[in-house]
Amino acid sequence: MTNLNHRTVDALRINHGELLRNWAADMEANTSQAALKAGELQQQMTEFLRLFVRGVEAGSPGSLATGEWSEMRHFLEKLSYNWAVMGVDSQETAAFIFSLKRPVMVLLQREFGDEALFFVEQLWVVSEFIDVLAMHTISTFQKSREAVIKRQQEELLELSTPVVKLWDGILALPMIGTLDSQRTQVVMESLLQRIVDTGSQIAIIDIIGVPTVDTLVAQHLLKTVTAIRLMGADCIISGVRPQIAQTIVHLGLDLQGIVTKANLADALALALARTGLSVGRAS
Amino acid sequence: MERIPILRMGEFLLVTIQVDMHDQLALTLQDDLADRISATSARGVLIDISALDMVDSFIGRMISTISGVARIMDAETVVVGMQPAVAITLVELGLTLPGVSTALDVERGMNLLRTRMGRA
């Protein structure tokens, strides 16, 4: 990449204020930055332009890794991260930087309009610079988005496995959503840990929220039940819906030695009976 | 040589594993336990593995074997205090220890043994 001619650099620096005004006007007219506050956007544009002018004075941005441009890189990374978190979409983020092209072109045209060759050459270089910046911003934006999604997935995994204490020595785990290997692992670990922590003798796994049961899910359930038994506690599976029961029989699944109940209330009644407790009407 | 102590409590034997099990130690324990059951005519064996946080298939099989040997010599075996990680490992290894009784802690294990004795 070639550097800008010093005349162009000077023109950009001297007309810095005008550039910012034109750019702001363009932004206001073209995009609906609903998620961004006007003042904040203005501040970011000013900062961007300041760093841009400083960068062009030093030379071509290259890969943005070195020298004068590294501050710009940090600024862009922070900006795209913040926007990704705020939910601004990628198009708007790209438009933020690309929209600088027009004001710059207008400026260069006014300054060097009568030297056609020089004008075109400089315009191309500036355009290339802006492309590099925009490319970097978008790639960071993408990474930030992915990080957000990954974090949400992990949170969902944690959220979807609450172990509740129903009574002294009785734990319940309402399972919601599809059971895959990863979730089973998390569920199993958190349930077993709770059993140790509370010294509970009976754990009820409620599968009313599990949409389908296939051989794999049944196998995961079996594993969990076996692990609970190895720890020295008992396990009851409740919330077996009629369709699920039919599926299990059709598939020929063998839930050997597992106590199953149709609903959580029955399971709790059984658990209470096993721990030697009884519930009666107060009168 | 390193040995795991076997304590006698009335008609039960109490084994508390508090060190990392290696294969030789497991074999020694198996032999010692069989000898002790025969010497004391114990009716129950309680193995506390709450301090054990790592197992392999060999140790898993040892627990099974001890339980089998004890049953032939007319003693019940109860394994107590298994850690979650150990339970998950055993399940993943396919060692579900059928026929081995389990309990959450020593106290519950003792109660379980006593009820079994009372019933028998």
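Just so we're on the same page: letters track the sequence lines, and every chain starts at 1.
- When the heavy atoms of residues 57-84 of chain B are compared with those of chain A, the residues falling under 4.5 Å are B/Met82, B/Gln83, B/Pro84, listed by number.
- When the shell of 6.0 Å around CD of A/Gln243 is examined, it contains more than 12 heavy atoms from other residues, nucleotides or ligands.
- Atom CG of A/Asn263 sits in a crowded spot, with more than 12 heavy atoms from other residues, nucleotides or ligands closer than 6.0 Å.
- In this structure, chain B has no heavy atom under 4.5 Å from any part of A/Thr224.
- Proximity to chain B (any heavy atom under 4.5 Å) is restricted, for A/Gln185, to the side chain, taken from C-beta onward.
- With a 4.5 Å cut-off on non-hydrogen atoms, B/Val100 touches chain A through its backbone but not through its side chain.
- Atom SG in A/Cys235 sits 7.0 Å away from atom CG in A/Leu191 (nearest 0.5 Å).
- With sequence neighbours excluded, the residues satisfying side chain to side chain donor-acceptor pair (under 3.5 Å) with B/Asp32 are B/Arg3.
- A/Arg241 contributes a side-chain N or O that, together with a main-chain N or O of A/Val210, makes up a donor-acceptor pair within less than 3.5 Å.
- Atom CG of A/Asp214 sits in a crowded spot, with more than 12 heavy atoms from other residues, nucleotides or ligands closer than 6.0 Å.
- No other option in A/Leu192, A/Leu230, A/Asp234 has as many heavy-atom pairs under 4.5 Å with chain B as A/Leu230.
- Ring-plane geometry between A/Phe48 and A/Phe75 is classed as tilted, the angle between the planes lying from 30 to 60 degrees on a 0 to 90 degree scale.
- The 12-atom threshold is exceeded at CD of B/Glu11, counting heavy atoms of other residues, nucleotides or ligands nearer than 6.0 Å.
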